[in-house]
Amino acid sequence: MSKFYSVAIDGPSGAGKSTIAKMCAEKFGFLYVDTGAIYRSVGVAVRNAGLGSKDEAGVISMLPSIEIAMRHDENGLQRMILNDKDVTNEIRLPEISIYASDVSAMPAVRSFLLEKQREFAKTSNVIMDGRDIGTVVLPDADVKIFLTATSEERALRRFEELQLRGTKTTYDEVLRDITYRDMNDSTRAAAPLRPAEGAVILDTTGNTLTQSFEMICVLIEEKMSR
Ligand code: DC
């Protein structure tokens, strides 16, 4: 039986999960799956349908009409397609962060997306990042990492990233958004954000990106050499 490797990276927003996961995917030739982008795509569908982010009954009734596909462009970048429309840029809007966080607390949304996420790990070596990859989506992942940093440092990193993208916002707004989402994502009943059993907890406060990347590479290499 062929065995694919899987690496699960969980943690709060702005911890550097996606940047580091992308770098690792490139180094090891694994498929990178940004599961936050999948929840964000549901957030876009809900917002565009004119529903409020907490309208659970409305969201449940529209789930059957939501079709989400993920593909990788020629540069290996993940693109999100929602009902045949490319929403890769739209999902990054700050208001969509709140929609994604709110809809992700709904058990119906989580089960709607669960199998879609597991499918990736059945056909390829994967590095998947999110909030519940090591706890729920891939509990048997070969490497589990819980990546975190102080909320102030995460807000600063996210603020700088949004500025580079030309999104108008302030540091205080980003810190408020991160604090709201930390609370939402870790206190919800359905698959709350927490370190998985057996996860290595990495606090990257004060680390450079390269330092955190190298620490994770060592963990992956150790596993693959066994
Ligand atoms: O990683 P992100 O910031 O793009 O994720 C957006 C939201 O989606 C986040 O606030 C919580 C939710 N999410 C989740 O509940 N489970 C995941 N595996 C990934 C994201």
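Both counts, for ligands and for their atoms, begin at 1 and track the order of listing. The first residue of the sequence shown is numbered 1, and numbering continues consecutively from there.
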Checking Arg40 against Tyr99: is there a side-chain donor and acceptor pair closer than 3.5 Å? no

Salt bridge (charged side-chain N to carboxylate O under 4.0 Å, His left out), that's the test. Do Asp142 and Lys223 meet it? Break it down for me. CA-CA 7 Å; Asp142 298 288; Lys223 197 77 196 187; 5.5 Å; no

Quick one: does Thr204's side chain get under 4.5 Å of Leu147's, heavy atoms only? yes

Is the charged tip of Lys122 near the ring of Phe120: under 6.0 Å from the six-membered ring centre and within 45° of its axis? no

For Gly130, counting its heavy atoms only, list the atoms of ligand 1 lying under 4.0 Å from any of them. 17 (C), 18 (N), 19 (C)

At what distance is the nearest protein heavy atom to atom 7 (C) of ligand 1, and which residue and atom is it? Ala100 CB, 3.7 Å

Number the atoms of ligand 1 from 1 as they appear, then name those within less than 4.0 Å of a heavy atom of Ser101, with their elements. 10 (O)

Please lay out, stage by stage, how Arg176 and Asp172 fare under the test salt bridge (charged side-chain N to carboxylate O under 4.0 Å, His left out). CA-CA 6 Å; Arg176 252 199 318 275; Asp172 286 341; over 6 Å; no

Please work out whether the ring planes of Tyr171 and Phe159 are parallel, tilted or perpendicular, with thresholds of 30° and 60°. perpendicular

Would you mind checking if Arg165 and Glu161 are paired as a salt bridge, meaning a charged N to carboxylate O distance below 4.0 Å? yes

Side chains of Ser212 and Asn207: is there a donor and an acceptor less than 3.5 Å apart? yes

So which protein heavy atom does atom 4 (O) of ligand 1 come closest to, and at what separation? Arg40 NE, 2.6 Å

Under a 4.0 Å heavy-atom limit, does Arg188 contact ligand 1 with its side chain, its backbone, both, or neither? side chain

For atom 1 (O) of ligand 1, which protein heavy atom lies nearest, and how many Å away is it? Arg131 NH1, 2.9 Å

Give the residue, atom name and distance (to 0.1 Å) of the protein heavy atom nearest atom 19 (C) of ligand 1. Thr35 OG1, 3.4 Å

Ranked by distance from atom 8 (O) of ligand 1, the top protein heavy atom is Tyr39 CB, 3.5 Å

To check your reading of the model: name the closest protein heavy atom to atom 12 (C) of ligand 1, its residue, and the distance in Å. Ser104 OG, 3.5 Å

Numbered atoms of ligand 1 (with element) below 4.0 Å of Asp185, judged on heavy atoms: 9 (C), 10 (O), 11 (C)

Proximal candidate to atom 5 (O) of ligand 1 [heavy atom criterion; set Pro12, Gly11, Gly36]: Gly36

Nearest heavy atom to atom 16 (N) of ligand 1: which of Arg110, Arg181, Arg158 does it belong to? Arg110

